[in-house]
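Numbers for residues simply follow the sequence, beginning at 1.
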Amino acid sequence: MQLSVLDQTPIRKGSNATESLQESIELVKFTESLGYTRYWLSEHHNTLSLAGAAPEILIARLAAETKTIRIGSGGIMLPNHSALKVAENFRLLEALYPNRIDLGIGRAPGGDRLTSRLLNPSNDFDPKTYIQQIDDLQCFLTDTACEGNANGKIRAIPRINTIPAMWMLTSSGESAYLAAHSGLALGYAQFINPIGGAEAIAVYRRRFKPSLQLQTPVANVGVFIFCSENEETVARTRAVMDYRFLGFEKGRIDDMPDYETASAYNYSPAEWQRVLYNRQRTIMGTPDFVKEKITALAKELDVTEVMASTFAESREDRFRSYELLANMFSIKSMEKINNDKTFVAQSQL
């Protein structure tokens, strides 16, 4: 089992973005020392509860603070950007940190449609445009002439001998077909949609077409995970996450709830049904329970890599959770991963 980190740069009540980002710097170094495979950063906009509006900037800082762990985006919301700009951002990162950069892309706005339109005024929210962006991005990163780069006249710089490993993120399963068609690795977002992951990955594996970047299908799953030896700590964290999920669904995107707020809330019967549904997006408990659930999820989805996104009341609880996960699966040093030749990105083109 390989374990990785999905960092959404959460901001706790009473804290701020500066403290959240500093915690990310400390967390990437800590999880690297534990043997985690990769560390991804998400893209979100127009919310005060998350700090990560520009993953490509934070990737540069975190990669500079580490030596072996892969650093990447989970993901860049491609319709918010031009394919050329994304290609140049990640080529520059790959030039600085060869064979360590992952480019995960997604279709969601990372916020609301108005914000997405302001980020990229040419965004027409048409799935066909997204597919064209994917093709253009691959052409830019592999120096392949195509219509999107005016048959090779427009080049993404700097020109380098390696490319970042490309991943496509999906929560609905639709992008599994695109990942298979484009020959990209696939990340299934169980933390967004707990239904359909096994089917999406199975379809992806069946339909996969080799590409310049990837010769065989590769998939992982991301899920909210919290682990503690203390059952009371688990219960408190679950209560906060229950409230946080419901708040997001009701449009309270700036909420930074604590346990006191969450525990005082009286759920209606309909709201409690949403709570029970949303708990399927999480794995929370003591070590034996968490290990059993992670193992079962990996088996169900037929993956050997699980990405943990962890929210906790304190820095100490968050770091301890990642430490417990590493201990329960005895994950090994990153040298094996860095020598892995699955991606052509790890060899010269």
Side-chain angles (χ1 to χ4, degrees), residues 4 6 8 40 42-45 55 72-83 86-87 102-117 119-120 122-139 141 146 148 164-211 213-214 216-224 245 248-249 274 277-278 280-282 297-298 300-303 305-307 309:
S4 296
L6 173 61
Q8 296 185 320
W40 283 359
S42 59
E43 175 186 342
H44 290 95
H45 302 283
S73 57
I76 292 291
M77 299 297 103
L78 194 54
N80 291 341
H81 313 274
S82 78
V86 172
D102 292 337
L103 170 52
I105 57 174
R107 187 173 64 183
D112 57 85
R113 282 203 166 196
L114 176 58
T115 303
S116 186
R117 177 61 61 85
L119 287 165
N120 180 9
S122 66
N123 186 357
D124 59 9
F125 304 99
D126 186 339
K128 293 180 180 179
T129 303
Y130 178 58
I131 294 171
Q132 185 61 55
Q133 281 191 295
I134 296 166
D135 291 342
D136 293 345
L137 183 59
Q138 288 184 285
C139 288
L141 290 174
C146 66
M166 289 187 65
W167 290 72
M168 185 170 291
L169 313 181
T170 186
S171 59
S172 67
E174 292 180 11
S175 291
Y177 290 89
L178 296 180
H181 175 77
S182 301
L184 305 182
L186 180 70
Y188 184 79
Q190 179 89 3
F191 63 92
I192 295 176
N193 180 11
I195 307 298
E199 293 80 1
I201 292 175
V203 166
Y204 161 74
R205 293 190 186 280
R206 286 198 306 268
R207 293 175 174 260
F208 182 83
K209 297 179 180 179
S211 65
Q213 297 104 316
L214 193 63
T216 57
V218 175
N220 68 23
V221 60
V223 61
F224 287 116
F245 287 150
F248 264 77
E249 292 180 355
R274 291 303 304 170
Y277 174 82
N278 284 328
Q280 298 176 82
R281 300 158 57 190
T282 72
L297 178 64
E300 178 191 356
L301 271 62
D302 188 25
V303 297
E305 180 183 357
V306 174
M307 301 201 79
S309 181

Asker: For the CD atom of Gln133 and the CG atom of Asn120, what is their distance to the nearest 0.5 Å?
Answerer: 7.0 Å
Asker: Indicate yes or no for a side-chain donor-acceptor contact from Asp126 to the backbone of Lys128 under 3.5 Å, with no hydrogens or angles considered.
Answerer: yes
Asker: Looking only at heavy atoms, which two atoms of Leu6 and Met307 are closest? And how far apart?
Answerer: N-CE, 4.3 Å
Asker: So Tyr277 and Pro194, do their side chains get closer than 4.5 Å, heavy atoms only?
Answerer: yes
Asker: Test your reading of the model: is there a side-chain donor-acceptor pair from Ser182 to the backbone of Leu184, 3.5 Å cut-off?
Answerer: no
Asker: Measuring only between side-chain heavy atoms, which start at C-beta, is Asn278 closer than 4.5 Å to Glu249?
Answerer: yes
Asker: Please find the pair of heavy atoms, one from Gly106 and one from Pro79, that lie closest to each other, and give the distance.
Answerer: O-CD, 3.5 Å
Asker: Can any side-chain N or O of Tyr204 pair as donor or acceptor with the backbone N or O of Val218 at less than 3.5 Å?
Answerer: yes
Asker: Closest approach of Ser116 and Asn123, non-hydrogen atoms and distance?
Answerer: OG-ND2, 3.0 Å
Asker: Roughly how far, to the nearest 0.5 Å, is the CG atom of Leu78 from the CD atom of Gln132?
Answerer: 11.0 Å
Asker: What's the spacing between Ile76 CD1 and Ser42 OG if we round to 0.5 Å?
Answerer: 10.0 Å
Asker: Less than 4.5 Å apart, any side-chain heavy atom of Pro127 and any of Arg107?
Answerer: yes
Asker: Could you walk me through whether Leu214 and Phe208 pass the side chain to side chain contact (heavy atoms under 4.5 Å, CB included) test, one step at a time?
Answerer: CA-CA 10 Å; Leu214 193 63; Phe208 182 83; 4.0 Å; yes
Asker: Between Arg113 (side chain only) and Phe125 (backbone N and O only), is there a donor and an acceptor less than 3.5 Å apart?
Answerer: no
Asker: Please name the pair of heavy atoms, one in Ile105 and one in Met166, separated by the smallest distance, quoted to 0.1 Å.
Answerer: CD1-CE, 4.4 Å
Asker: Could you tell me if Ser73 and Glu43 have a donor-acceptor pair between their side chains, going purely by distance under 3.5 Å?
Answerer: no
Asker: Using 30° and 60° as the class limits, which term best fits the ring planes of Phe245 and Phe224: parallel, tilted or perpendicular?
Answerer: tilted
Asker: Is it the case that atom NE2 in His45 sees more than 12 heavy atoms from other parts of the structure closer than 6.0 Å?
Answerer: yes
Asker: For Met168 and Ser175, which heavy atoms make the closest approach, and how far apart are they?
Answerer: SD-O, 3.2 Å
Asker: Can you tell me how far apart CD1 (Ile195) and OG (Ser171) are? Round to the nearest 0.5 Å.
Answerer: 12.5 Å
Asker: Can you tell me how far the CZ atom of Arg117 sits from the OG atom of Ser122, to the nearest 0.5 Å?
Answerer: 9.0 Å
Asker: If you define the side chain from C-beta out and look only at heavy atoms, does anything of Pro164 sit under 4.5 Å from Leu141?
Answerer: yes
Asker: Hey, what do you get for OH (Tyr130) to CG (Leu178), rounding to the nearest 0.5 Å?
Answerer: 6.5 Å
Asker: Would you name the heavy atoms of Asn193 and Tyr188 that are closest together and state the gap between them?
Answerer: O-OH, 3.0 Å
